[in-house]
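Just below is one structure, and these are the notes that go with it.
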Number of protein chains: 2
Amino acid sequence: MAPRKAVNQELTREIIMEAARTLFVTDGYRNVSIRKIAAKLGYSHGSIYYHFQNKAELFYALVERDFSALNQKLDEILAQRNPADVKLQAVLIGFIEFGLTHQNHYEIMFLTKDEEIKSFLNQGPNKSYEKFANALQTLSEKTINVQTTWSVFLMLHGFVAHYCQSGQQFHDVRGLAESYVNIIFTSMLAS
Amino acid sequence: MAPRKAVNQELTREIIMEAARTLFVTDGYRNVSIRKIAAKLGYSHGSIYYHFQNKAELFYALVERDFSALNQKLDEILAQRNPADVKLQAVLIGFIEFGLTHQNHYEIMFLTKDEEIKSFLNQGPNKSYEKFANALQTLSEKTINVQTTWSVFLMLHGFVAHYCQSGQQFHDVRGLAESYVNIIFTSMLAS
DNA sequence: CCTTTAATTGACCAACGTTCAATAAAACTT
DNA sequence: AAGTTTTATTGAACGTTGGTCAATTAAAGG
């Protein structure tokens, strides 16, 4: 009943994700519809479903890369030739910076309640947390226990979650983030 | 074109809110539709809009009471005849308990990005935070500054936000919450 | 040139939030 | 009691969403 597009460019997962990403970054998961993505690319909405099984899979494909980016960021900080305490603070502030410069991504990575999305998350959050926890253990020379490590994560999460919600950018709250991290930092050493 | 319901019971905001609340508590904002609420009450969906201007207003009306409940909870803790440090810990754990026993409410109170909902929030979150901050200031005998107070809030928020997302109940994480609060508590005194 | 496969389309579905003219019940007025 | 006004309810309608799928044709392989 319906023709097929002339072949100037076939759709690929890459092309779709590229279009989806820019919409996603500015508008967030809920305000981006499959139809808008298709319209932006000049295709019908049905074609998206040939490449992705549903909206959740498409957006998880974007977010999967963000887990890699976060993991890589942690690795880079660890690879710096700096004193352990400097690197430790860099890890803490780095996590906040990541969260606030990819707010809509962070939301899906660590904040969504959507069951459909969660079904795609797999081990992404766990793996990133493992990296984070290892970094803390290493840099503190094992002086902090798992309970404290987890608590530090939750504290950072609280900061990111709040400023995600308020919509402020990282550069707006850099100073706050630094003193927040300082409080966490000193309380880590005390334990 | 359409008749009007026989008069066994006229709809009121109260009745609607009551029906909405039970659905809301179990299913969350996004999974509760105006149509489901109306169906549960045996009315047409249009009738809801006579009593509430839209979905956001209806659910904010529910959440408004939760701000009162939270404020009241804080007042009750402050009114206890206990040492200040005991009350201080009760405030911290009380906030977490509140958040995790009203997860879908907490989400709208402190976690939503939905602009329509935010437009109804007004001073609700600020007012509750003021109460919380005052409690901290009073109970710590002014030894903590505003920056620390705000940080303590963000830390608690992180705990609640995470376990809201994971869907666990307060009684499942009571132990964790207590040690988390202890870490915060000792770091407060250190500052 | 013929056949097969792969990709695209758009009609279609169920559900959503929201609006609104039509309606009738209820409350007033006389 | 009759007439009028107000108030609450209805459901059709609109636009939008995520998702499905038979029909179709472009491209690939023979």
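Proteins get letters first, then strands, A, B, ... in listed order; numbering begins at 1 in each. Keep in mind that what you see is a predicted model, and the values were worked out from it rather than measured.
Between A:K36 and A:D27, no side-chain nitrogen of the basic residue sits less than 4.0 Å from a carboxylate oxygen of the acidic one, so the salt-bridge criterion is not met. For the pair A:R65 and A:E14, the salt-bridge criterion is met [side-chain N within less than 4.0 Å of a carboxylate O].
For the pair A:K55 and A:Y29, the distance from NZ or CZ to the six-membered ring centre is under 6.0 Å and the angle to the ring normal is within 45 degrees.
Of the candidates D:dG19, C:dT18, C:dT8, the closest approach to any side-chain atom of A:L11 belongs to C:dT8. Listed nucleotides: D:dT9, D:dG18, C:dC16. Nearest to the side chain of A:S33: D:dG18. Nearest to the side-chain atoms of A:H45 among the listed nucleotides C:dT8, D:dG19, C:dT19 stands D:dG19. When distances are taken from the side chain of A:E116 to each of D:dG19, C:dG17, C:dT8, the shortest belongs to D:dG19. Checked against C:dT19, C:dT9, D:dT17, the side chain of A:K36 finds its nearest nucleotide in D:dT17.
Nearest-nucleotide positions on DNA chain D place B:G46 closer to the 5' end than the other of A:N31 and B:G46.
Ring centroids of B:Y180 and A:W150 are separated by 6.0 Å or more, keeping the two rings apart.
Spacing between atom CG of A:D27 and atom P of D:dT16 amounts to 15 Å, rounded to whole angstrom units. Atom OH of A:Y43 is separated from atom C1' of D:dA26 by 12 Å (rounded to the nearest Å). Between the P atom of C:dA7 and the CG atom of A:L41 lies a distance of 16 Å, rounded to the nearest Å. Atom OH in A:Y49 sits roughly 17 Å away from atom P in D:dA22 (whole-Å rounding). Per the geometry, CG belonging to B:L58 stands 15 Å off C1' belonging to C:dC16, to the nearest Å. Here D:dT20 presents its C1' atom at 15 Å from CD1 of A:I48, a figure rounded to the nearest Å. When rounded to the nearest whole Å, the span between CZ of B:R35 and P of D:dT17 equals 16 Å. Between B:N54 atom CG and C:dC16 atom P there is a gap of 16 Å when expressed in whole angstrom units.
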Output, in order, the C-alpha distance, side-chain angles, deciding distance and verdict of side chain to side chain contact (heavy atoms under 4.5 Å, CB included) for B:D66 and B:V63. CA-CA 5 Å; B:D66 295 307; B:V63 157; 4.2 Å; yes
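Using a 4.0 Å heavy-atom cutoff across all strands shown, A:S44 reaches at least one base atom of the nucleic acid.
Contact annotation: B:S47 does not reach the phosphate of D:dT9 (side-chain N/O to OP1 or OP2, under 4.0 Å). Remark: A:Y50 is not in phosphate contact with C:dT8, judged by side-chain N or O atoms under 4.0 Å from OP1 or OP2.
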